[in-house]
Protein chains: 2
Amino acid sequence: MSDEGQLSLRKADSRRRSATRAVTMADVAQAAGVSTQTVSRALRDPRSVGPDTLARIEEAVRETRYVQNFAASHLASNRSMTVAAIIPTISASIFAETIQGLTDVLLPEGYQVFLGHTDYMAGREESLVRSFSGRRPDGFFIIGTRHTQETTALLKRTGVPVVESWSWTNRPVDMLVGFSNHAALMSVVDHLVGRGYRRLAFTGVMKPGDHRAKERLKGFQDAHERHFPGVTPRVVTVTSGPMVMATGVELLKLVREQHPDTDAVVFVSDVLASGALLACAGMGISVPKDLAITGFGNYDIAGQLTPGLTTIAIASRRIGTESANLLLRRMQGGDVENRTQDVGFELLVRGSA
Amino acid sequence: MSDEGQLSLRKADSRRRSATRAVTMADVAQAAGVSTQTVSRALRDPRSVGPDTLARIEEAVRETRYVQNFAASHLASNRSMTVAAIIPTISASIFAETIQGLTDVLLPEGYQVFLGHTDYMAGREESLVRSFSGRRPDGFFIIGTRHTQETTALLKRTGVPVVESWSWTNRPVDMLVGFSNHAALMSVVDHLVGRGYRRLAFTGVMKPGDHRAKERLKGFQDAHERHFPGVTPRVVTVTSGPMVMATGVELLKLVREQHPDTDAVVFVSDVLASGALLACAGMGISVPKDLAITGFGNYDIAGQLTPGLTTIAIASRRIGTESANLLLRRMQGGDVENRTQDVGFELLVRGSA
DNA sequence: ATCGCTCACGTGACCGCTAACATGAAAAGC
DNA sequence: GCTTTTCATGTTAGCGGTCACGTGAGCGAT
């Protein structure tokens, strides 16, 4: 009997997975003289246990240096307290504001944010959603509204709330916090035409997976057709290349080569437009007299240039916070009345156009 | 007997936690006619099972639409396959490049990256580390080398590899991928003095938790003392305010108010320096004749301005990839010979100084 | 023929926590 | 005074995987 006891003890010991066993809830429970369930309750909702019990547990947590294990919690409760976010790119991008807004709201509520980026590569999104699903996030945040069929199916199958953003669609997967890139570009064209510009060109880096850029181009083309029926719009794009100011300079040169009569250049992004605008001085181009220039995004630099860059301002951070709020309500069991939210855009008219 | 059987069945059913039970590994195992352990092996290392078994399992995964549950995996294996990253801020920052580099390396290896930001608030880091610890990350990536004692203790107690970055110290918590902000600023001062500038001023936004900014200031002061012993260096800083170009303009004005004789302004960041440089034209200041301007970070804009902005280039993305590589090696059980890695910096001399 | 070894796969015991239900005591209702 | 309700806490049975070990077949060496 005692031999067997020893044997099983040794056996249990040898099966231990980590050498220095971590502090568990059971240790805290023992120290506080309560059951693990009471500790669990105390940690999840302090008001659900008696005040003196709570004090003893808190003391026990402190003295044992207990750190809750979320994996076990997740497994037992089926709630991961995480949100998966999928964005095109983090670097030097306006999406960073959105993510900051998202985490600013979610973190205080106990939710962690997982970040994945597609680098505008079609197909990456699907594989990201697939691998993220294994972590069983309680919600998804995605930039963009165009996905592969399989991606949409995967998202729906998870059964958790999904927010798409930075674009617009009438048939969102679930919820939507965005605006119409198409309408934004139309307002740019309207403005240019109103100011007397007649030979408009659109230019930008158009990565295959960048649907927002495509929507902007479409908006440009449609507005152009409305103002100048039958006239082929000037469009100069490249499908690859870094989103940096130097690329904007290159594009400006391309536009002037291919369409020398152009009197207004509509850039798909402020980054490119700023590069071009800065280069104009050196190229002997007077803005906005010889050439009007517009951007998109209202980056910090847009208002600092001389002349200022006319552009479209987007409430980037707000897209993040609003999305987080929608997700939160749904994740906490509530319902959401308006599943789509239009944050709009604002045409900021400055000196460049 | 049969009654009891029914009872226990009913009971088990009523205790089911989710209404529509998700597909589990057991379902896949059954469909493929193997044990769950074999499915587990097939998923973790396909070569560890027979080829025909593997094929059956893969087919079963497809037809059941099985998605692995990482929480269960984490709990059982004690590996979360996640890395926690703590950065000052994501927005419009050069750290975004670092995070992009980090995830670019870690994601393909199956590791997810958790992101938290401190907004340069002292104390936030400790609470982030604390709450992140509950997720049991397999590694930590942190920007900065100065932490509260408790933070350091917490990090060490986790027992997982830690990479600190974007700074330098002789006593890292564990590993370090960084450079000396101090030395970088000294090289800036050396350059300015070498070019004949004599009345140098340092300016920037110095948030209380921004130790890198402090190191840069210290580097400026030390170099200044070496070149001009006994002369009090001109330092104009604000402790709050947004890191935007407009703030740079304000700071430039402050410097010229408080130290009208200044002939070179050293900014703590390119963002501020760029704003100032752009504003100089409107203020009738000729750069670099009347005033030299330097920045830090070699942001995209630095090379596009006229004159170009003299600045310090940091291999931001590389800090992320190198850190990821160090973490990976350690997380996969390997050892690392060089626990500290100096990525250095480069003084880029352009027209502004 | 025997032995030892590798290989492919199965068995049982957990990992650390929480849902659901159970229990006992105090407070409230009649 | 007795039942009902409320509140604080305990008990039991998993959540969905993986670890350590076991087993039996196949194979070459002795």
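Naming convention: chains lettered A, B, ... in sequence-line order (proteins, then strands); numbering from 1 in each chain. These values consider heavy atoms only, across backbone and side chains, with no hydrogens, waters or symmetry-generated copies.
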If I take atom CZ from residue A:Phe140 and atom CE from residue A:Met175, how far apart are they, to the nearest 0.5 angstrom?
12.5 Å

Does the plane of the ring in B:Phe114 sit parallel, tilted or perpendicular to the ring in B:Phe132? Use 30° and 60° as the thresholds.
tilted

How many Å lie between CE on A:Met25 and P on D:dG10, as a whole number?
13 Å

Any side-chain heavy atom of A:Thr38 sitting closer than 4.5 Å to one from A:Met25?
no

Atom CH2 in B:Trp166, atom OG1 in B:Thr145: separation rounded to 0.5 Å?
13.0 Å

A:Ser77 side-chain N/O to C:dT18 phosphate OP1/OP2 under 4.0 Å:
no

D:dT9 OP1/OP2 closer than 4.0 Å to side-chain N/O of A:Ser35:
no

Where along residues 44-73 of chain B does a heavy atom fall under 4.0 Å from DNA chain C?
B:Val49, B:Gly50, B:Thr53

Provide, to the nearest angstrom, the distance between the CZ atom belonging to A:Arg79 and the P atom belonging to C:dA19.
8 Å

Return no unless some side-chain N or O of B:Thr36 is found under 4.0 Å from OP1 or OP2 of D:dG17.
no

Mind checking whether A:Thr53 and A:Val34 have side chains closer than 4.5 Å, heavy atoms only?
yes

Is B:Arg130 salt-bridged to B:Glu150, going by a charged N under 4.0 Å from an acidic O?
yes

Is it true that B:Glu337 and B:Arg329 have a side-chain N and a carboxylate O under 4.0 angstrom from each other?
yes

In whole Å, I'd like the distance from the CG atom of A:Leu75 to the P atom of D:dC15.
9 Å

Please state how far atom NE2 in B:His74 lies from atom C1' in D:dC19, giving the value in whole angstrom units.
15 Å

Do B:Arg41 side-chain and C:dG10 base share a donor-acceptor contact under 3.5 Å?
yes

Quick one: A:Met81 CE to C:dC17 P, roughly how many Å, whole number?
16 Å

Please identify which of these residues, A:Asp335, A:Asn325, A:Asp174, meets the side-chain hydrogen bond (donor to acceptor under 3.5 Å, both in side chains) condition with A:Arg330.
A:Asp174

Bend of the helix from C:dA1-D:dT30 to C:dC30-D:dG1 from end-axis comparison, five pairs per end, nearest 10°, comes to 30°

How long is the line joining CG of B:Asn78 and P of D:dT18, in whole Å?
13 Å

Is it the case that D:dA20 (base atoms only) and B:Gln37 (side chain only) share a donor and an acceptor within less than 3.5 Å, ignoring hydrogens and angles?
yes

Over how many whole Å does the gap from B:Gln30 atom CD to C:dG10 atom C1' extend?
16 Å

Rounded to whole angstrom units, what separation is found between the CZ atom of A:Arg135 and the P atom of D:dC15?
22 Å

Among side-chain atoms of A:Thr82 and A:Gln112, is any donor-acceptor pair under 3.5 angstrom?
no

